[in-house]
Amino acid sequence: MRYAIAFLIVCLVQLTPAQGIRFGLLTDSHWADKATSGTRYYRDTPAKMRMALDTFQVHSLPFIVHIGDVIDGYTANDTTLAWKDLDSVGNALTHFNGLKYIVLGNHDMASLSKSQMLNRLTGIAVKQNYYSFDKDSYHFVILDGNYNADSTDFSHSNYTWSDAWISPAERRWLVSDLTAATGKLTIVFLHEILDSTVTSGECLKNANE
């Protein structure tokens with residue numbers, strides 16, 4: 001996102017003890033072999049991510065979710081550099097033994113397509129851009145807000161980050177998925193903002209839908 005986080009955001013989530021579920025969150029790691037730029041300290045990411053994953057491992061969490069911008073990306077044609085960063089992320093993910101789920105972020109497609117990103121990154125539990133899974137009495141939904149207005153995928157920098165959409169096909173899938181999950185507590189993950197009262201570019205264009 002435009003306001004890219006200067007540091008890796010890490011969170012250990014524990015819902016009420018009676019419900020008994022804990023999991024880890026991290027986001028906007030922007031992994032890249034680049035010199036510091038403004039508030040982005042790219043080369044600090046490896047140590048920070050390993051620290052986060054080691055902490056999650058100590059707490060024996062069943063799974064973690066990375067909420068997008070795993071890598072920072074380069075130009076549209078710098079696929080080899082992006083793959084190198086993804087391989088490094090995959091190596092880092094081995095520090096955590098539980099399941100790893102990934103949400104796609106806009107920076108993840110700066111130098112890659114969605115399929116290139118998901119197929120190259122090792123260690124993740126599901127290699128799809130949107131999907132759902134259950135854990136105990138909870139239903140978790142991973143959404144992909146990285147579509148252009150014409151429903152084409154963000155890919156190799158063919159997009160404007162502030163013009164992000166969820167495609168009609170994904171919306172139809174979401175309705176069906178939530179209908180099937182009736183009665184379960186549901187948590188939805190998305191890289192972009194869903195609060196339509198936010199008027200900045202970070203908000204999904206069709207958030208209300």
Side-chain angles (χ1 to χ4, degrees), residues 1-14 21-34 40-73 82-135 138-146 153-154 161 164 166 187-194 202 204:
M1 303 303 289
R2 181 183 61 184
Y3 55 84
I5 311 303
F7 48 87
L8 190 68
I9 292 182
V10 178
C11 182
L12 185 154
V13 179
Q14 179 168 340
I21 189 168
R22 303 165 80 216
F23 57 93
L25 295 177
L26 61 163
T27 189
D28 288 83
S29 49
H30 287 270
W31 191 301
D33 186 13
K34 300 179 183 179
R40 293 188 184 178
Y41 296 84
Y42 301 106
R43 289 176 178 146
D44 288 351
T45 293
K48 290 179 179 179
M49 183 177 282
R50 283 191 289 268
M51 184 184 300
L53 294 167
D54 286 343
T55 301
F56 294 151
Q57 184 65 30
V58 166
H59 286 277
S60 300
L61 302 183
F63 69 90
I64 60 174
V65 180
H66 191 301
I67 318 179
D69 286 354
V70 176
I71 59 175
D72 192 70
W83 277 344
K84 181 180 178 181
D85 290 340
L86 282 179
D87 290 345
S88 297
V89 172
N91 289 334
L93 289 175
T94 62
H95 286 241
F96 177 72
N97 291 334
L99 294 171
K100 280 85 71 170
Y101 297 98
I102 296 292
V103 179
L104 292 176
N106 54 299
H107 276 267
D108 295 321
M109 272 72 68
S111 309
L112 301 170
S113 68
K114 293 177 183 179
S115 60
Q116 285 175 323
M117 163 77 182
L118 293 168
N119 290 333
R120 182 78 177 200
L121 183 56
T122 59
I124 57 175
V126 179
K127 291 183 177 290
Q128 298 176 17
N129 57 320
Y130 58 88
Y131 55 93
S132 64
F133 62 95
D134 294 331
K135 178 65 178 176
Y138 286 88
H139 185 65
F140 296 92
V141 179
I142 304 291
L143 292 181
D144 175 14
N146 300 286
D153 289 318
F154 282 12
W161 67 266
I166 281 181
I187 296 175
V188 177
F189 300 102
L190 177 68
H191 185 65
E192 293 78 13
I193 294 174
L194 268 178
E202 290 85 2
L204 195 75

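From a predicted model like this one, the values you see are computed outputs, not experimental measurements. For reference, positions follow the sequence shown, starting with 1. Heavy-atom basis, side chains included; hydrogens, waters and symmetry copies ignored.
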Report task. Quick one: pull up CE in M51 and CG in D44 and give me the separation to the nearest 0.5 Å. Result -> 10.0 Å
Could you list the donor-acceptor pairs under 3.5 angstrom formed between side-chain atoms of residues 90-99 and any protein atom two or more places apart in sequence or on another chain?
{"unit_1": "N91", "atom_1": "ND2", "unit_2": "D87", "atom_2": "O", "d": "3.3"}
{"unit_1": "T94", "atom_1": "OG1", "unit_2": "N91", "atom_2": "O", "d": "2.5"}
{"unit_1": "H95", "atom_1": "ND1", "unit_2": "D54", "atom_2": "OD1", "d": "3.1"}

Report summary line: Rounded to the nearest 0.5 Å, the CD1 atom of I67 sits from the CG atom of L143 at a distance of 12.0 Å
Query raised in the report: Within the side chain of D108, is there an N or O that forms a donor-acceptor pair under 3.5 Å with the backbone of I71?
Result: yes
**Report entry** F189/Y101 aromatic ring centres below 6.0 Å
**Finding:** no
Query - Test item: side-chain donor near acceptor, H30 and T45, under 3.5 Å - result: no
Query raised in the report: Is any side-chain heavy atom of D69 less than 4.5 Å from a side-chain heavy atom of T27?
Result: no
Report summary line: To the nearest 0.5 Å, atom CD1 of I166 lies from atom CD of E192 at 7.5 Å
Report task. Report the C-alpha distance between W83 and Q116 in whole Å, list the side-chain angles of each, state the deciding distance to 0.1 Å, and finish with yes or no for side chain to side chain contact (heavy atoms under 4.5 Å, CB included). Result -> CA-CA 9 Å; W83 277 344; Q116 285 175 323; 4.1 Å; yes
Requested in this report: Could you list the residues that satisfy salt bridge (charged side-chain N to carboxylate O under 4.0 Å, His left out) with D144, not counting sequence neighbours?
Outcome: K114
Query raised in the report: Where the side chain of S88 meets the backbone of K84, is there a donor-acceptor pair that is under 3.5 Å apart?
Result: yes
Requested in this report: Classify the angle between the aromatic ring planes of F140 and F133 as parallel (below 30°), tilted (30 to 60°) or perpendicular (above 60°).
Outcome: parallel
Requested in this report: Indicate whether any N or O donor in one side chain lies under 3.5 Å from an N or O acceptor in the other, for H191 and N146.
Outcome: no
Query raised in the report: Within a strict 4.5 Å, meaning less than it, do heavy atoms of the H139 and I187 side chains meet?
Result: no
Query raised in the report: What about F23 and F56, are their ring centers closer than 6.0 Å?
Result: no
Report summary line: Interatomic distance, CG@N129 vs CD1@I102, rounded to 0.5 Å, equals 13.0 Å
Requested in this report: Decide yes or no on side chain to side chain contact (heavy atoms under 4.5 Å, CB included) for N106 and F154, but give the supporting numbers first.
Outcome: CA-CA 7 Å; N106 54 299; F154 282 12; 4.2 Å; yes
Query - Sub-4.5 Å side-chain heavy-atom contact between H107 and W161 - result: no
Query raised in the report: Roughly how far, to the nearest 0.5 Å, is the CD1 atom of I64 from the CD atom of Q57?
Result: 9.5 Å
Requested in this report: Give the intermediate values and the outcome of side chain to side chain contact (heavy atoms under 4.5 Å, CB included) for residues M109 and D153.
Outcome: CA-CA 9 Å; M109 272 72 68; D153 289 318; over 6 Å; no
Query raised in the report: Where the side chain of H66 meets the backbone of G68, is there a donor-acceptor pair that is under 3.5 Å apart?
Result: yes
Requested in this report: Check G123 against K100 and note the closest heavy-atom contact, atom names and distance.
Outcome: O-CE, 3.3 Å
Requested in this report: Go through the steps for K135 and F63 under the test side chain to side chain contact (heavy atoms under 4.5 Å, CB included), then give the verdict.
Outcome: CA-CA 9 Å; K135 178 65 178 176; F63 69 90; 4.0 Å; yes
Query raised in the report: Taking atom OG1 of T122 and atom CZ of R120, what is their separation to the nearest 0.5 Å?
Result: 9.0 Å
Query raised in the report: A164 and G145: which non-hydrogen atoms are nearest, and at how many Å?
Result: CB-O, 3.2 Å
Query raised in the report: Is there a donor-acceptor contact under 3.5 Å from the side chain of K127 to the main chain of L121?
Result: yes
Report summary line: S111 and A82 have their tightest heavy-atom pair at CB-CB, 3.9 Å
